[in-house]
Amino acid sequence: MGFSNMLLVLNTRRPRQAHALRHAAAFARTEDAMLTVCEVVDWVVPEVPRFMTNGTVRVTNDAIRTNKIDRLKQLVVTSGASDLDISVNLLVGKPLIEVARAVRENQHDLVIKPFAGHRALQFFSGAQEDRDLIRSCSCPVWLVNVAEQDDRGCILAALDMPDKGDMDTGLNQRIVDISRSIALASSRPLHIVHTWRLIGEGHLQAQCNPATDLQIDRMRTHEVANRKTWLQETVAKPRADIGHFTTEEVTPELHILNGHAKKVIPDLAEKLGAGLIILGTAARKGLSGFVRQNTAETILPRSDCSLLVVRQPETSPKCALPGKRTLQVR
């Protein structure tokens, strides 16, 4: 299945939000999907301060809400998407909580959020907000770089070979299907990369033995052959019912590279001039998530490409959400 109910999260205080809206509208049109545009705001005045009456607080809050809604509506009007039925929502509360709630309650299957590049801003709050969204959102998250024309570069999808004993959850196949659909919709070349590391290679190299070096070379050759076969078979599998196209229309170029994914994938994306990286995530939470970041989180501050993070539905985090405070406008 493809995407049918998308959620675009904007921030009208930041520049180039219209670019993200046009991008989301074009993709919604291709997928024949519903699109909801929202902004998340906190209460302007959560408590009545000194020398301010309840009536004044309500008037102030109402004025701010009206202004936000009007700006969202104006963005929709000027986006050139009059052929789409776009809903406008104003969510009140903490962004991470309210977006997660909207996804669960309205059954959104894709969240799109603009950002302005993280390579130079990886320690700022915006980058941390995006990392938290990747980790906690129960559906795929597409971070669109509004500072660059991401729709001009090629698409780079990353696949991870399951460990022995792990069941094939279908995540790799979903990544392949989605990347093909996007490549077809935007008429862009598709590249698929798989990164790997030889287990125990560092310990073997420490022996400084010519015989050991020959053994390592043989192990590498054998490992590459196995992974090449696996990657070719994965990409060649019949596609699920995603989008409105056929797999024969896209022939991806395959890359099998030795190294750590967090370095190899951004380097390859820069070499290819990629505009979008697509990869999967386990989206760990709690202590395991703090100790071991997923690949998407480590790549985020190392590349300014747009990033589409795909999660298998079975691994989606479930958490209790506090009380709802939502304003909805059609």
Side-chain angles (χ1 to χ4, degrees), residues 3 5-11 14 20 23-24 27 38 40 91 93-104 108-147 150 155-160 169 171-172 174-175 178-179 182 193 195 260-266 269 274-319 321:
F3 299 115
N5 189 8
M6 305 177 186
L7 177 65
L8 172 63
V9 183
L10 297 180
N11 186 335
R14 295 177 181 173
H23 179 95
F27 190 57
C38 79
V40 186
L91 308 179
K94 294 184 178 180
L96 192 63
I97 293 175
E98 298 307 321
V99 170
R101 187 201 319 283
V103 168
R104 293 189 180 279
H108 294 293
D109 51 18
L110 175 65
V111 171
I112 304 175
K113 182 179 181 296
F115 79 108
H118 288 134
R119 186 178 298 179
L121 303 173
Q122 54 181 303
F123 300 111
F124 285 62
S125 59
Q128 183 59 51
E129 180 181 303
D130 291 341
R131 284 194 290 268
D132 291 340
L133 181 62
I134 289 173
R135 183 175 294 190
S136 63
C137 190
S138 59
C139 70
V141 176
W142 192 339
L143 300 176
V144 178
N145 187 350
V146 295
D150 74 301
I155 296 171
L156 177 62
L159 303 184
D160 190 15
T169 60
L171 179 58
N172 282 321
R174 179 160 172 76
I175 293 172
I178 291 173
S179 63
I182 297 175
V193 60
T195 64
H260 293 289
K262 64 182 180 180
K263 183 179 187 304
V264 171
I265 294 177
L276 172 64
I277 298 175
I278 305 175
L279 43 78
T281 179
R284 300 175 181 86
K285 292 178 71 68
L287 181 60
S288 61
F290 177 79
V291 174
R292 184 183 178 187
Q293 288 183 314
N294 59 63
T295 304
E297 292 178 55
T298 58
I299 289 178
L300 189 60
R302 295 171 181 264
S303 174
D304 282 336
C305 287
S306 294
L307 185 67
L308 173 54
V309 182
V310 181
R311 181 207 299 275
Q312 190 70 15
E314 291 83 354
T315 65
S316 300
K318 296 181 180 179
C319 57
L321 299 174

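A quick note: this is a predicted structure, and the numbers were derived from the prediction, not measured. Note that the numbering runs from 1 along the sequence shown for the chain.
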With rounding to the nearest 0.5 angstrom, report the OG to NE2 distance, Ser138 to His108. 10.5 Å

Is Ile278 close to Ile182 at the side-chain level, that is, under 4.5 Å between some pair of heavy atoms? yes

Between Leu308 and Ile175, is there a side-chain heavy-atom distance shorter than 4.5 Å? no

For the student: nearest non-hydrogen atoms of Thr298 and Thr295, plus distance: OG1-O, 2.8 Å

Would you mind reporting whether Phe115 and Asn145 have side-chain heavy atoms less than 4.5 Å apart? yes

Restricting to non-hydrogen atoms, name the atom on Pro114 and the atom on Leu10 that form the minimum distance, rounded to 0.1 Å. CG-CD2, 4.0 Å

Contact check, side chains of Ile134 and Leu143, non-hydrogen atoms, under 4.5 Å: yes

For Ala269, check side chain to side chain contact (heavy atoms under 4.5 Å, CB included) against everything at least two apart and list the hits. Leu156, Ala274, Ile277, Cys305

Quick one: do Val309 and Leu300 satisfy side-chain contact (heavy atoms from CB on, under 4.5 Å)? Show the steps, please. CA-CA 10 Å; Val309 182; Leu300 189 60; over 6 Å; no

Test side chain to side chain contact (heavy atoms under 4.5 Å, CB included) applied to Asp132 - qualifying residues, sequence neighbours left out: Leu96, Gln128

Rounded at 0.5 Å granularity, tell me how far CG in Leu7 sits from CG in Leu91. 7.5 Å

Does the side-chain contact (heavy atoms from CB on, under 4.5 Å) test come out yes or no for Leu171 and Thr281, once each step is laid out? CA-CA 9 Å; Leu171 179 58; Thr281 179; over 6 Å; no

How close do Asp130 and Lys113 get, counting heavy atoms only, and between which atoms? OD1-NZ, 2.8 Å

Less than 4.5 Å apart, side chain to side chain, heavy atoms only: is that true for Ser306 and His23? no

From CZ (Phe3) to CZ (Phe27), nearest 0.5 Å: 5.5 Å

Taken in chain and number order and not counting sequence neighbours, the residues that satisfy side-chain hydrogen bond (donor to acceptor under 3.5 Å, both in side chains) with Asp160 are none

Could you report the tightest heavy-atom contact between Met6 and Ile112, atom names first, then the distance? SD-CD1, 4.3 Å

Quick one: closest heavy-atom pair of Pro95 and Val40, and the distance? CA-CG1, 3.5 Å

Is there a donor-acceptor pair under 3.5 Å between the side chain of Arg311 and the backbone N or O of Arg135? yes

Output for pair (Leu159 CG, Ser179 OG), nearest 0.5 Å, gives 7.5 Å

